[in-house]
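Below: one structure, written as C-alpha cells.
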Amino acid sequence: MTHALDVFGWFDNEYDDDGFRTCSVTGFDVHRTVENHVKLFGVTAVVFLLIGGLFATTVATTRWELIGLLEPGDYYKHLSMHAWSMLLFWIVFMEVAILYVGGPMVLGRKLPLPSLAKVGYVVMIAGVLTIYYAIWTASGNPVADNAPLLTAYVPLEVNPLFYAGAIVYIVGIVVAALPFFLTIWYEKRENGGTLPLVTFGAFVTGIIAVEALVGGLVAFAGALAYNFGLAEWFDAGVYRQWFWIIGHGTQQINLVAMIVVWYLFTHVLAGAEVVSEKVSRTAFILYLFFINLGAAHHLMVDPGLSVGWRVWNTSYAFYGATFASLVHAFTIPAGLEAGRRKRGKGGGLFGWLTSAPWKNPMFSTSIFAIILFGFLGGITGVMMGQLQLNMSWHNTFATVGHFHSTVVLGTTVTFMGVVYFVIRTMFMREFVSSKLASFQPYLYCSAMAVTALMMMYLGILYGIPRRTAEVVRNIPRTDFSLIEAAPLFNVFGVFALLAITGGALFVLLAVGSLLFGDRIEPGGNGDLVADGGLEMATDPEDPVHAYEMRGTFVLCLFFLGVFVVAYALNWFLLTQLWSIGA
Amino acid sequence: MTSPIKPPKGNWWDQPVNRRESIWLGLGVGWALVLFGWMSAFTRIGDQNPIGETYRVTEDELREKVDAFKDAAEEREDGAYVPDGDDVFVVGQRFDWDGLPVVLETGREYDFHLSSYDVQHGFSIRPEHALSQQINLHVMPGEEWVVPMEFDEPGTYHVLCNEFCGEGHRGMHGTIIVEEGSQ
Ligand code: HEM
Ligand SMILES: [Cu+2]
C-alpha cells in the first residue's frame, strides 16, 4: 500500500501480514522496516555522491593548472566540501545501509527499534548541514577562519561550529547503528549458533566502527575545547593521534564493509561459495585485533614518536592486518572459482571468470573493486605505510592517488554496485538503460584507475604536493616551479574528467531508474540469480573446498609478484637519496 | 554448508583447507615477515630514516634559537646564511620558512632543526636537478625535531610546504644551496 507521502512509489512493495516478503534473488526474508531504511540511507548517500562529484569537478580542474579554475581562497573550501561529502557522507550513509542488509536482512529479522534509525538519520543530517555551513562560510582569513579540509588540524583556526557539527554527525551514526547491534544481540539470544559469514563480517565492521567513532568524539571534542582555550594540552600532536583513529579507522570500516559486500555479491550473483569458514573468519578476527593500529600510518614522519612505536603500529603488529587482506584476496576469488566450477561454469584455468556475469554492473563493480583496490590501493598502502618509504609519499599528490585507489576504486565502486542492487531488488525498478548500466563501471573504473596512477606518478616522480591550489606553473615570489610535471598533469586532467563523466552517468542512471524505471513485479528479477541457483551451496555432500582453485592461485602469485617488484622499486628510489636521519 | 548468508552447520572449524589455499597462507605469512624485517632492519642499517630527537619548545624559545642561529651565521650578499656550525634551523610560519635560504656543503652532516611557530606545515624538499629525489617530513608547532642530513650532491634544493596552513600556503617556498664541500 502506498503511503500518501510516497509520491514516487518508492516504499510500496507487497508484504505478508507480518510485514515480510521473500527476495527472489537472495532468498532473504525481507522485513518492511529493514528494506525501507536501507532505501532511505541509500538514496541519501547518492545525493552526497552527487554533491561530492560536483566538487570533484572544480577541484580536479583547479589542480589541472592548464584550466586553473578556482582562486586559492575558493579552492580549499571546495576541497573541504569534496572530502566531507565523499568520504564521510556518501560512504557512511551507505555503510549504515549495508549494516542493515548484513544484519537484519540476511538474518530475516525486523529492524529493532526502527525509530532509532530515524533519529540517527535526522541527527546525522543535522551534523552534515552544520559541517557544510561551517565550510561554506569560512572567510579564509588564515589567522581566524580557515577551510578545514578533511583533517582540521589543531591549531589551525577553524570555525568551532565545524567541530561541533562533526560531533553531532558521529553521535548520529552511533544511534543509527544501534538497531544493527540489537539485531545481533536478539539473534544470539534467541537462536544462538554461528552467525552467517556476511553477518559476522558486518558485526566486525560495526565494532571497528564504534572504536573509530569514539576516537573521533575525543578528537573533535578535544579540538573544540582547545579552540575555546579550555585544553591547551590538546595540541597538534595529541589531536593528530586521536584524529587518525577516526580518520584511518573509517577507512578500515570501508575496507571490511566492502569485503562483506564482495562475499555477498560474488555468492548471490555468480555462485561463489565460502571455501573455508575457518580461514575467512580468522581473517576478520585479525582485522578486529590489529587494524586500528593503522592509524599510525599517518604519523610516520611526525616528530616526537619513538621508532619502536611507529614500526610496531604501522606494521599492524607484524603485518597482522595486511596478512588478513592477503587472505581475503585469495578466499574471495577462490570462492568464486570453486563455486563456479561446482556449477559447471569453469573450464580451463580462467573459465570461471570469463563465463561470469560481466554485464551485470553489481557483479562487475565488485570484481573491478577487488582487482583495483588490491593492485593500486593495497600495494601502495603497504608501501607508504613503511616508516622510511613514507618519506617519499607523505603529503604528496601520490598520497591522493593512493587513497583514490582505496576509497574510490575500492569502496565507492563497490557501493555503486550496492546501489544498483538496491534499485533492482528493493526498489524493484529496471534500469532506464541496462546497456548504459552495464557500461558505467567500465568507464568509471578505467578512467579513475588512470587518474589515480597519474596522481601517484606526479607525487613520487615530481614531488607535487597535495592540498595546494597552484604549484606547477607558478609559485608566488620565486622563479622555481614544477613545470616539468605539466605534461603528466594533462593526462591526469583528461582522465579525471572522464572519471567524473562516469560518476555522473552513475547518478543519472540511479536517479533516472528510481523515477522512470519500469516497475519489476515480484519474482521478476530472475536474470540476476546466480547460475545454478544458491541452493547448491547448502549441499553437505558436495564440499566446495574440494574443487580446483588453480586460477586463483595463479592470479594471486601474479599479484604477489607485482607487489614485490613495486616494493623493490620504491626502496631503490629511496636509497638514491642523500642520507637522512639518525 | 558453504554459503556466506547461511549459518554454517556442523563442525565448520575442522573442515579441511584446500592445499593451494594453505600454500598461499604460507606465502602471506612469509611476505609479512619480510616487510616487517626489512623495515625494522633498515632503521639500523639504512641511510634514510625519518628519525631524530624531538624536544618540546615554545614559540618564544624557538624564535630566540633561530635568531641566535642567524646572528652567528655569515650572511651572504644574496641573503643566504652560511651556518656557523653544524646546526641548521628551518622553521615554518605562515607563509615562509624562517632560517632559509641557507648555504651548506656536501659531505658534511648537519643537524636540521625542524619546527613551526604557528600551525602544522610540511617540509617537502627536492633538488632542482632531480625532482624525483624528494622527501617529506611533518613539521609541528611546539616540537623541535632534530633530523641529521648529509648531502652528497651540490645543487639548489627547494623546500615547499605540503601541509595546508591557510590561504597563501602555496607560496611557502625556501631554498637550500648545497655547494661542493672542501673535504
Ligand atoms: C571522479 C572522481 C574524483 C576526482 C576526479 C577526484 C579528485 C580529487 C583531487 C584532485 C584531490 C586532491 C586535491 C589536493 O590535494 O589538492 C582530491 C582529494 C580528495 N578526494 Fe577526491 N576525487 C574523486 C572522487 C572521490 C571520491 C569518490 C572520494 C571518496 C569516497 C574522494 C575523496 C577525497 C578525499 C578524502 C580527498 C582529500 C581532501 C583533503 O586533502 O583534505 N574523492 N580528489
Ligand atoms: Cu605551510
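Keep in mind that this is a model prediction, so the values were computed, not measured. In the text below, chain A, chain B and the rest are named by the order of the sequence lines, each starting its count at 1.
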For A:V564, is it the side chain, the backbone, both, or neither that has a heavy atom closer than 4.5 Å to a heavy atom of chain B?
both
When the 4.5 angstrom heavy-atom criterion is applied to A:T266 and chain B, the contacting part is neither
Give, as side chain, backbone, both or neither, the part of A:M383 having an atom under 4.5 angstrom from any heavy atom of chain B.
neither
Min side-chain heavy-atom separation B:M172-B:L160 under 4.5 Å:
no
Under 4.5 Å from any heavy atom of chain A - which part of B:Y110
neither
Structural part of A:R466 lying under 4.5 Å from a heavy atom of chain B
both
Determine yes or no for a side-chain-to-main-chain donor-acceptor pair under 3.5 angstrom, with A:Q388 supplying the side chain and B:M39 the backbone.
yes
Of B:D47, B:T175, B:L137, B:N136, the largest count of non-hydrogen pairs under 4.5 angstrom with chain A goes to B:N136
Heavy-atom distances under 4.5 Å only: say whether A:N146 touches chain B with side chain, backbone, both or neither.
side chain
Below 4.5 Å from any heavy atom of chain A, which atoms of B:R94 appear? Answer side chain, backbone, both or neither.
side chain
Measuring heavy-atom distances to chain B, does A:Y547 have an atom under 4.5 Å in its side chain, in its backbone, in both, or in neither?
backbone
Which bit of A:N191 comes within less than 4.5 Å of chain B, counting heavy atoms only: side chain, backbone, both or neither?
neither
So for A:S325, is it side chain, backbone, both, or neither that comes closer than 4.5 Å to the heavy atoms of chain B?
neither
Is the B:F42-A:W571 ring centre distance short of 6.0 angstrom?
yes
Checking heavy atoms, do the side chain of A:Y75, its backbone, both or neither come under 4.5 Å from chain B?
neither
With a 4.5 angstrom heavy-atom cut-off, could you sort out which part of A:L195 is near chain B: side chain, backbone, both or neither?
backbone
With a 4.5 angstrom heavy-atom cut-off, is it the side chain or the backbone of A:V311 that approaches chain B, or both, or neither?
both
Scanning both residues in full, the closest heavy-atom pair of B:S116 with B:L62 reads O-CD2, 3.6 Å
What option among B:N49, B:V119, B:V17 has the most heavy-atom pairs under 4.5 Å with chain A?
B:N49
Pick one of side chain, backbone, both or neither for A:E484, based on which atoms fall under 4.5 Å of a heavy atom in chain B.
side chain
Below 4.5 Å from any heavy atom of chain B, which atoms of A:L557 appear? Answer side chain, backbone, both or neither.
both
Choice from A:R281, A:Q576, A:M300 maximising heavy atom contacts with chain B below 4.5 Å:
A:R281
What one should report as the nearest heavy-atom pair of B:A73 and B:Y81 is CB-CB, 3.9 Å
Ranking A:D302, A:I475, A:L197 by heavy-atom pairs under 4.5 Å to chain B gives rank one to A:D302
Side chain from CB out, backbone as N, CA, C, O: work out which of these in A:Y462 comes under 4.5 Å of a heavy atom of chain B, or both, or neither.
both
Greatest number of non-hydrogen atom pairs under 4.5 angstrom with chain A, of B:Q133, B:R126, B:E21, B:E143, falls to B:E21
